[in-house]
A.B. asks: 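Dumping the structure here so I can ask a few things about it.
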Amino acid sequence: MSTTFTLDTSTSRANPTPAPMKRLTVPAVRARKADGRTAEPIVMLTAYTARMAQLLDPHCDVLLVGDSLGQVVYGLPSTVPVTMEMMCNHGAAVVRGSYHSLVIVDMPFGSYEASPAQAFENAARIMKETGAAGVKMEGGEAMAETIAFLTARGIPVCAHVGLTPQAVNTLGGYGARGRSKAEAEKIMRDACAVDAAGCFLLVVEGVMEQIARDVTAAVSCPTIGIGASVDCDGQVLVIDDLLGMFERVPRFVKRYESLAETITGAVTKYAAEVRNRSFPTDEQVYRPKK
Ligand code: KIV
């Protein structure tokens, strides 16, 4: 199968293209929750580059090109300044690097909130330029009309409720949501509204555990937890958090590796070897063939 998104590995350091596999589809992922139960939880991780997508792809059901790339890749203070160009470029890279996982791309702040028509125009651009199968957008009741509009027009939507990082300026920070009864009820209303509007997945972020459980029981689509509950229908983490690239991470992150330390160790050795002229060695230099 040849598409414009196929990565030419013959001239790059990338791994040889694995045997083509059938990519998971939106209906297949949506159908993992049947009669209110998900027998096998959905595995989702963020990815921002082709190489990382290659490494994660065999292990994941869904790769999310999250707007968390604003902080993780670009060093921005929040996701608010993330642009359509960033999401399209990284989305295309992740699609090129993956063969099996469903790829969805976050809609950046300001690209969908004004109207369903604005959301459609930008979501369609993301899908055309990246080859992704769907988009994610933050917001509950306020986004329900937009989710129904996009879904009816061929754009699958993953919704996102609870702690919605693009709203950091109205929320006042990244603290867990749903501590008060009123807030808990609002999160439930948000979840039910986007589910009724037709979202195929629902990210539930940074909420009291019981809310995540109640939402998962109440909605028909699979829920994906992050700082939520083990009872969600799947889980997502930011890949750089899981790998231990940052010193400061939210409470809900489990570090499975300490890559920052590994990188520091390798680069410390390299710098020392350059300075004492022990790199490069005979093995790394070119000499005329005998
Ligand atoms: O942007 C992102 O990476 C996300 C996930 C953490 C859910 O929205």
Side-chain angles (χ1 to χ4, degrees), residues 29 41-49 52-53 56 60-84 86-91 93-94 98 101-113 123 126 130 132 134-140 143 147 156-168 171 173-177 187 190-191 194 199-207 212 215-216 221-229 232-243 245-246 248-256:
V29 171
I42 296 165
V43 179
M44 176 159 145
L45 279 172
T46 68
Y48 316 109
T49 64
M52 189 56 83
L56 307 185
C60 290
D61 301 306
V62 184
L63 291 176
L64 168 67
V65 187
D67 64 348
S68 50
L69 63 73
Q71 289 125 311
V72 173
V73 177
Y74 288 93
L76 294 168
S78 74
T79 54
V80 172
V82 170
T83 64
M84 282 288 293
M86 290 175 187
M87 298 314 300
C88 286
N89 289 339
H90 289 270
V94 168
S98 60
S101 306
L102 178 78
V103 178
I104 58 178
V105 177
D106 250 331
M107 298 201 68
F109 178 68
S111 72
Y112 60 97
E113 301 90 332
I126 287 174
T130 67
V135 296
K136 179 166 86 58
M137 65 179 61
E138 296 183 7
M143 282 302 125
I147 291 170
V157 178
C158 170
H160 183 156
V161 300
L163 171 60
T164 48
Q166 290 177 7
V168 63
L171 299 178
Y174 296 108
R177 313 299 300 169
I187 294 167
D190 282 340
V194 293
C199 67
F200 77 97
L201 274 184
L202 173 58
V203 169
V204 182
E205 176 167 358
V207 299
V215 163
T216 300
C221 70
T223 58
I224 306 290
I226 173 163
S229 165
C232 288
D233 300 300
Q235 302 291 330
V236 62
L237 280 178
V238 167
I239 184 62
D240 295 62
D241 288 343
L242 175 158
L243 293 175
M245 288 291 283
F246 295 106
R248 266 192 63 220
V249 286
R251 171 190 161 84
F252 56 72
V253 169
K254 178 169 175 186
R255 279 199 183 98
Y256 289 80

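What's counted below: heavy atoms across the whole structure, side chains too, no hydrogens, waters or symmetry copies. Residue indices begin at 1 and follow the sequence shown. All ligand and atom numbering here is 1-based and tracks the order in the structure.
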A.B. asks: Can you see which heavy atom on V105 is nearest to which on G91, and at what distance?
C.D. replies: CG2-CA, 4.1 Å
A.B. asks: Do any nitrogen or oxygen atoms of ligand 1 lie under 3.5 Å from a protein nitrogen or oxygen, and which ones?
C.D. replies:
from     : atom 1 : to   : atom 2 : distance (Å)
ligand 1 : 1 (O)  : D67  : N      : 3.2
ligand 1 : 1 (O)  : D67  : OD1    : 2.9
ligand 1 : 1 (O)  : S68  : N      : 3.0
ligand 1 : 1 (O)  : S68  : OG     : 3.3
ligand 1 : 1 (O)  : D106 : OD2    : 3.1
ligand 1 : 3 (O)  : S68  : OG     : 2.5
ligand 1 : 8 (O)  : K136 : NZ     : 2.9

A.B. asks: I'd like to know if the side chain of Q166 and the backbone of G110 have a donor-acceptor N/O pair within less than 3.5 Å.
C.D. replies: no
A.B. asks: Is any side-chain heavy atom of V236 closer than 4.5 Å to one of V62?
C.D. replies: no
A.B. asks: Compare all side-chain heavy atoms of F246 with those of V253 and state whether any distance is below 4.5 angstrom.
C.D. replies: no
A.B. asks: Not counting sequence neighbours, which residues clear side-chain hydrogen bond (donor to acceptor under 3.5 Å, both in side chains) with H160? List them please.
C.D. replies: K136, E205
A.B. asks: Is there a side-chain contact between V203 and V161, using heavy atoms and a 4.5 Å cut-off?
C.D. replies: no
